[in-house]
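Report on the following structure.
Proteins get letters first, then strands, A, B, ... in listed order; numbering begins at 1 in each.
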Amino acid sequence: MSYNAIDTREQFRPDDHPTDHFLLTTVVGSYPKPKWLNRAKELQGERESFTDEHLQEAEDDACRVITDEHERAGLDVVVDGEMRRNEMVEYFAHRIDGYEFNGPVKVWGHNYFDKPSVVGEVAYDEQWLVEEFEFTTDAATRPVKVPITGPYTLANWSFNEAYDSEEELAYALADLVNEEIDKLVDSGCQYIQIDEPALATTPDDHAIVGECLERIADDVDEDVRLGLHVCYGDYSRIYPEILEFPVHEFDLELANGDYDQLPVFLEEEFTKDLALGVVDAHTAEVEPVEVIKENIKKGFEVVPPERLTVSPDCGLKLLPRDVAYGKMENMVKAARQVEEELDAGEITVGYAGEAGGNSPTPADD
Amino acid sequence: MRDVVATTPGLFPLPDWAKDELSDLKGHQKSDLVSGDEGGEIASTYDRVRTELVDRQVEAGLGRVVEGQARWDDMLAHPLAVHENVETRGIVRYYDNNNFYREPVVRGDLTFDGDVAAELEAVDVDASDLQAVLPGPYSLSDLATDEHYGDAESFLAGIAEFLAAEADALPEHETLFLLEPSLVESAPGDGLDEAASEAIDRVAAAVDSDVVVHTYFGAVPEKPYAHLMDADVEAIGFDFVTDHEQTVYNVQEYGTKDDIAMGVVDGQNTLVETADEIRERIQWVEERVPAQSFDTVYATANTELFYLPTNKAEAKLDALAAATEEVLEA
């Protein structure tokens, strides 16, 4: 199956988009939670009168507020900032049969993670993200993307007590992710991003991740856009092999290293769409529009404008909220200005400025 | 009849109450990690933690009791991370794990410090039950960055001198575990493999106790293993959980010391081994090296225990102690 034959991107162009060129703007997923949401979670443990319904109401409100914040920043595709999720493995492990929790383990210093154990066959239990998607879609006027932790990361960041190998566990989890994606698509979701940060730390396992994705993508409607997010690793150890994966888009963190890994993607033609990290998720300064524009243009060295998505490096949840908002707002401004300049023929970097972008010649520099 | 002794490589997880209390007292950032001169409430919290960890090992019935190394925020890099002539920089990955420590950069002579000896002094058990734990010189040099000694061999020798002085200051104890995972994870090449063995000799010579050089995260490659056999220590420790075939091959091919440490409990998985399973693993090893009889078998977790949640780490202590009782009875 070719994941390039069908255009899954044009469906996200707003009807009133002002330019001919369209750089799809979105985010990776997580976003700082409003302080009152954290307080509500504390209250739930402290006061009996603060019920599950009260917490749900607070989460609903947070979802509305943050979705609106993404729309105000001007993003073409929005998320709810993962307001209902505590952590990217724990959230899912709580919803899958076969997992148990034994307590926090050290990551570094006094930073801990409630690393779950797989103690039996994993099975689909309650829904994971369908309610989140439906609620966010109701709250949004823009299309909604759903980020979902990938099976390899769910396996690699758990204790495996039940399966003969981590690979076998990852495949079992991939079948569950496939089931959830079916449900998401049935409820109208057209843009799903699979997060596999664990691949960055164990790059030799890219074939396992590939097989997981084959299972995930199996029978998913061909006009549903599938992305893969991988961050904070040595991309030369997984590229070009990842081009074989059955996804439309790779979402990559490159601003953090000031694009020192960009040449990796020039050695072999990048045959997928590129979601390029253009703002750093771990610096508390908002990058100026001009800086972000230059970052966006670096993407044209890899793909033509019609295959470039503009996004932060990673989830923004560790930043102060005003900084996170500022980064999104400037990122969209920069994208819109670059689109105008592309329309005017003022940008001739790499694949940009080629007629139609269909027979591009990469720049030498 | 060989003696079977249940023990661990140390570096226990903090009890859950201490995780909360110490993060509140110290904070979550790089600059908040242990400095070596902490006092007041932080020090008294660590005293309570030490007592709890020691009592729990005694309760389990282990043959050797460790201090627990609860203060070792930077894991095996701890003795350098608290040293006055070492600068700690960014957070770097700890072997192939989802764990991180502050990169220790050595910028001056590694003079005597005494941090680890002071910890062990605070443990209230008989010297005949007490086990000291130190990073092996090769692993400590591998985890650190040198900006003072100049080349790999001088740096390794400097680290060995430092650890020898630290070991010399230890209170009376029965056994010293030198943890050397780097012999597996980034095995020394030509020249350095011999130097690694000499560095271990230097540290081992500083104590009167039985020295165990414990290796883990897999099997030591053949050549460094052959050199390790030249070191004057009482035992070598092996990881029979991660790669038992290659590990037992080393013993079959090159032999081992009269004592042996067998990593037969998984320090990185919450699945708790039964006493029977532990006993079977010990017997599996012994059956494959019929030419060798052991005076002492240390039955231990393969790795440090901090990867585990507290309840599972404790359950593994109980299992080890129970299993070694059964081995003796069998």
Inset, instruction - Would you please indicate if the ring centroids of A:Phe245 and A:His206 are separated by under 6.0 Å? - result: no
Legend entry - Region of B:Tyr307 in contact with chain A, defined by heavy-atom distances below 4.5 Å: backbone
Inset, instruction - Name the member of A:Ser117, A:Ala198, A:Pro104 that forms the most heavy-atom pairs with chain B at distances under 4.5 Å. - result: A:Pro104
Inset, instruction - Would you check if A:Pro116 and A:Phe92 make a side-chain contact, meaning some heavy-atom pair closer than 4.5 Å? - result: no
Inset, instruction - Hey, can you tell me if A:Trp157 and A:Phe113 have their rings parallel, tilted or perpendicular (30° and 60° cut-offs)? - result: perpendicular
Inset, instruction - Please flag which part of B:Arg102 lies under 4.5 Å from any non-hydrogen atom of chain A: side chain, backbone, both or neither. - result: neither
Inset, instruction - Could you check which of B:Asn98, B:Asn97, B:Asp32 has the highest count of heavy-atom pairs closer than 4.5 Å to chain A? - result: B:Asn98
Inset, instruction - Using a cut-off of under 4.5 Å on heavy-atom pairs, state which of B:Val272, B:Asp20, B:Asp96, B:Asn99 scores highest against chain A. - result: B:Asn99
Inset, instruction - Could you check whether the rings of A:His110 and A:Tyr112 sit parallel, tilted or perpendicular, using 30° and 60° as the cut-offs? - result: tilted
Inset, instruction - Can you tell which part of B:Lys26 gets under 4.5 Å to a heavy atom of chain A, answering side chain, backbone, both or neither? - result: side chain
Legend entry - Lys/Arg-Asp/Glu bridge criterion (N-O < 4.0 Å) met for B:Arg48, B:Glu41: no
Inset, instruction - Name the option with the most non-hydrogen atom pairs under 4.5 Å to chain B; the candidates are A:Asn160, A:Asn102, A:Val105, A:Val107. - result: A:Asn102
Inset, instruction - Using a cut-off of under 4.5 Å on heavy-atom pairs, state which of B:Thr270, B:Leu271, B:Leu33 scores highest against chain A. - result: B:Thr270
Legend entry - CD/A:Glu241: more than 12 non-hydrogen atoms of other groups inside 6.0 Å: yes
Inset, instruction - Using a 4.5 Å cut-off on heavy atoms from C-beta on, say whether the side chain of A:Thr283 contacts that of A:Lys327. - result: yes
Inset, instruction - With a 4.5 angstrom heavy-atom cut-off, could you sort out which part of B:Leu308 is near chain A: side chain, backbone, both or neither? - result: both
